[in-house]
Number of protein chains: 2
Amino acid sequence: MTTTPVSTRRQQTRDRLLAAAAELFAERSVQAASVEEICERAGFTRGAFYSNFESKDELCLALLEARGQQFLEGTRRALAAIPDSVLTEHTLAEVIAKALAVFDASLALDTRWMLVRNELRLYAYRNPELREVLSAAERKVFSLAVEAIASALQRQNARSLIPVDQLMVILDAYYERSRMNDALTGRPEVDAEWRSGIERILRALVVLPEPEPTRD
Amino acid sequence: MTTTPVSTRRQQTRDRLLAAAAELFAERSVQAASVEEICERAGFTRGAFYSNFESKDELCLALLEARGQQFLEGTRRALAAIPDSVLTEHTLAEVIAKALAVFDASLALDTRWMLVRNELRLYAYRNPELREVLSAAERKVFSLAVEAIASALQRQNARSLIPVDQLMVILDAYYERSRMNDALTGRPEVDAEWRSGIERILRALVVLPEPEPTRD
DNA sequence: ATCCTTCGATACAGTGCCGTATCGAAGGAT
DNA sequence: ATCCTTCGATACGGCACTGTATCGAAGGAT
């Protein structure tokens with residue numbers, strides 16, 4: 001059941017449907033995007049849809065799982081792409097800037113996904129099954145990111161003024177809100193005000209330890 | 001046109017429709033809540049609806065305006081309810097706790113409105129007219145809050161490590177995200193984890209000035 | 001009490017979307 | 001090349017909701 005062998009053709013149509021759905025979810029919202037519209041955008045009819053998914057809900061599930069994987073891989077790649085030397089040889093500010101640049105390039109940190117994520121979060125709130133999957137996916141990415149921050153701090157011999165997981169929540173929430181504000185006011189994506197905002201937060205909340213170590 | 005004189009009866013049905021709409025927007029989302037459902041919840045038929053509003057969009061507009069007013073008044077009342085003595089005679093931590101308590105009690109900081117606000121934000125993103133009104137309303141509340149924080153800091157002779165308006169964005173975004181996470185994981189409203197989270201943020205980002213004044 | 005206006009209920013036609021059942025055509029295996 | 005399976009297109013019945021047009025009743029003014 002869970003391990004249905006999928007042919008290449010089938011996988012391609014699934015992918016196209018998922019891509020079209022993501023686009024339309026961002027453009028018109030999860031609920032407003034009709035199955036018909038999704039199929040049309042993907043170049044299929046509803047026959048293809050119902051042959052691949054049981055319902056729009058199930059497509060959301062698949063979308064979430066696919067994206068979750070992409071995110072995890074993207075994060076890992078992004079982390080691996082930061083050479084060790086950066087963490088030890090540069091100033092905190094430089095590390096922060098570098099990390100932001102790498103993450104931005106490697107993950108799909110675009111406005112579209114910000115919108116879809118927001119949409120799905122609200123949609124999942126009303127759908128127990130989807131809610132489980134979403135929570136699980138976000139938890140995974142979240143804990144990976146927290147680990148990354150924590151280990152980076154350790155290497156720099158720096159510490160955060162607040163618990164690292166809360167710091168992560170703040171960064172995520174701030175990023176999303178900034179992007180949303182930009183989207184609402186029609187600010188072009190290239191302006192990227194969120195980037196400097198996050199740098200400012202990190203500079204304020206991450207500090208080098210006191211001269212005298214308080215250890216024990 | 002804008003100054004249509006409204007009878008008492010009419011105003012009551014409008015209010016009931018708005019209240020029902022807010023409920024359903026939170027329960028089932030703006031888009032999923034049909035006009036029919038809203039009317040049913042309010043105890044009317046669609047005749048009443050279309051006699052009062054041109055469309056669901058216009059109802060959203062009205063809802064936003066009504067809530068905007070309530071929020072502004074609530075904020076002003078909350079601010080006025082904080083006696084001057086608190087700002088001068090207590091520690092920073094006490095002021096923060098006190099302020100949070102007052103705001104929480106005075107404003108409609110409930111999960112329902114958090115959801116509706118989220119919903120409307122996304123809905124407004126696709127609706128130019130609504131977007132204008134939403135942006136304007138949020139701007140008003142926002143600047144009032146920023147002023148309040150700024151003046152409180154000044155009285156305490158404290159300063160923020162980051163610009164106050166960014167601090168406000170963080171607080172708001174963090175609050176909303178925490179509430180949303182709680183809602184998604186089914187955490188009961190009384191736990192109110194967001195409260196201690198915000199206190200932690202403020203304690204980290206708001207500091208008393210250095211002994212030697214750096215002025216000029 | 002009566003009249004007139006306001007306001008909400010009812011009835012109707014129209015639309016878009018859903019999910020299924022059926023059919024025809026790719027496309028892989030031999 | 002042929003067969004057979006997989007997969008997507010087509011066609012159909014049905015439903016929920018929309019917006020309008022009409023009607024009747026509540027309620028204020030005199």
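Below, chain A is the first sequence line, B the second, and so on; all start at residue 1.
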Side-chain N,O (B/Asn52) to OP1/OP2 (C/dG8) below 4.0 Å: yes
So does A/Arg14 get a side-chain nitrogen or oxygen closer than 4.0 Å to the phosphate oxygens (OP1/OP2) of D/dC7? no
Going through the distances and angles, do B/Asp172 and B/Arg117 end up as a salt bridge (Lys or Arg N to Asp or Glu O under 4.0 Å)? CA-CA 12 Å; B/Asp172 192 13; B/Arg117 205 180 149 209; 2.6 Å; yes
Separation of D/dT18 atom P from B/Asp57 atom CG, nearest Å, is 12 Å
Check the pair A/Arg10 / A/Asp15 against salt bridge (Lys or Arg N to Asp or Glu O under 4.0 Å), numbers first and verdict last. CA-CA 9 Å; A/Arg10 201 164 183 74; A/Asp15 288 348; over 6 Å; no
Under the side-chain hydrogen bond (donor to acceptor under 3.5 Å, both in side chains) rule, what do B/Gln31 and A/Ser29 come out as? Steps first, then yes or no, please. CA-CA 9 Å; B/Gln31 320 221 26; A/Ser29 91; 2.7 Å; yes
In whole angstrom, give the distance that lies between atom CZ of B/Phe49 and atom C1' of C/dT10. 18 Å
Check the distance between D/dT18's P and B/Phe53's CZ and give it to me in whole angstrom. 15 Å
Ignoring hydrogens and angles, tell me if any N or O in the side chain of B/Arg126 forms a donor-acceptor pair with the backbone of A/Glu27 under 3.5 Å. yes
Figure out the CZ/C1' separation between A/Arg10 and D/dT5, and round it to whole Å. 12 Å
So does B/Ser55 get a side-chain nitrogen or oxygen closer than 4.0 Å to the phosphate oxygens (OP1/OP2) of D/dG19? no
Would you mind reporting whether A/Ile149 and A/Leu153 have side-chain heavy atoms less than 4.5 Å apart? yes
Let me know the distance between OH of B/Tyr50 and P of D/dT20, rounded to the nearest Å. 8 Å
Tell me the interatomic distance from B/Gln11, atom CD, to C/dC7, atom C1', rounded to whole angstroms. 14 Å
Quick one: does B/Lys98's side chain have a donor or acceptor within less than 3.5 Å of a partner on B/Ala93's backbone? no
In chain order, what residues pass the ring-ring contact (aromatic ring centres under 6.0 Å, His included) check against A/Phe25, with sequence neighbours excluded? none
Run the side chain to side chain donor-acceptor pair (under 3.5 Å) test against A/Gln69 and tell me which residues pass, sequence neighbours left out. none
Nucleotide pairing, DNA chain D (Watson-Crick or G-U, distances under 3.5 Å), in dot-bracket with [ ] and |: ||||||||||||||||||||||||||||||
Could you list, one pair per line, each protein nitrogen or oxygen that sits under 3.5 Å from a nitrogen or oxygen of nucleotides 24-30 of chain C, together with the distance?
none

Sub-4.0 Å heavy-atom contacts from residues 21-48 of chain A onto DNA chain C, ordered by number: A/Ser34, A/Val35, A/Glu36, A/Arg46
Looking at C/dT6, I'd like to know if its phosphate oxygens (OP1 or OP2) sit under 4.0 Å from a side-chain N or O belonging to B/Ser51. no
Can you sort out the partners of A/Arg200 under side chain to side chain donor-acceptor pair (under 3.5 Å), two or more places apart, ordered by chain and number? B/Gln166
I'd like to know whether A/Arg121 forms a salt bridge (Lys or Arg N to Asp or Glu O under 4.0 Å) with A/Glu176, so could you lay out the CA-CA distance, the side-chain angles of the two residues, the decisive distance to 0.1 Å, and finally the verdict. CA-CA 12 Å; A/Arg121 201 182 291 130; A/Glu176 204 174 271; 2.9 Å; yes
Integer-rounded Å distance: C/dC17 P and A/Lys56 NZ: 10 Å
Ring-plane angle category for A/Tyr175 and A/Trp194, please: parallel below 30°, perpendicular beyond 60°, tilted otherwise. perpendicular
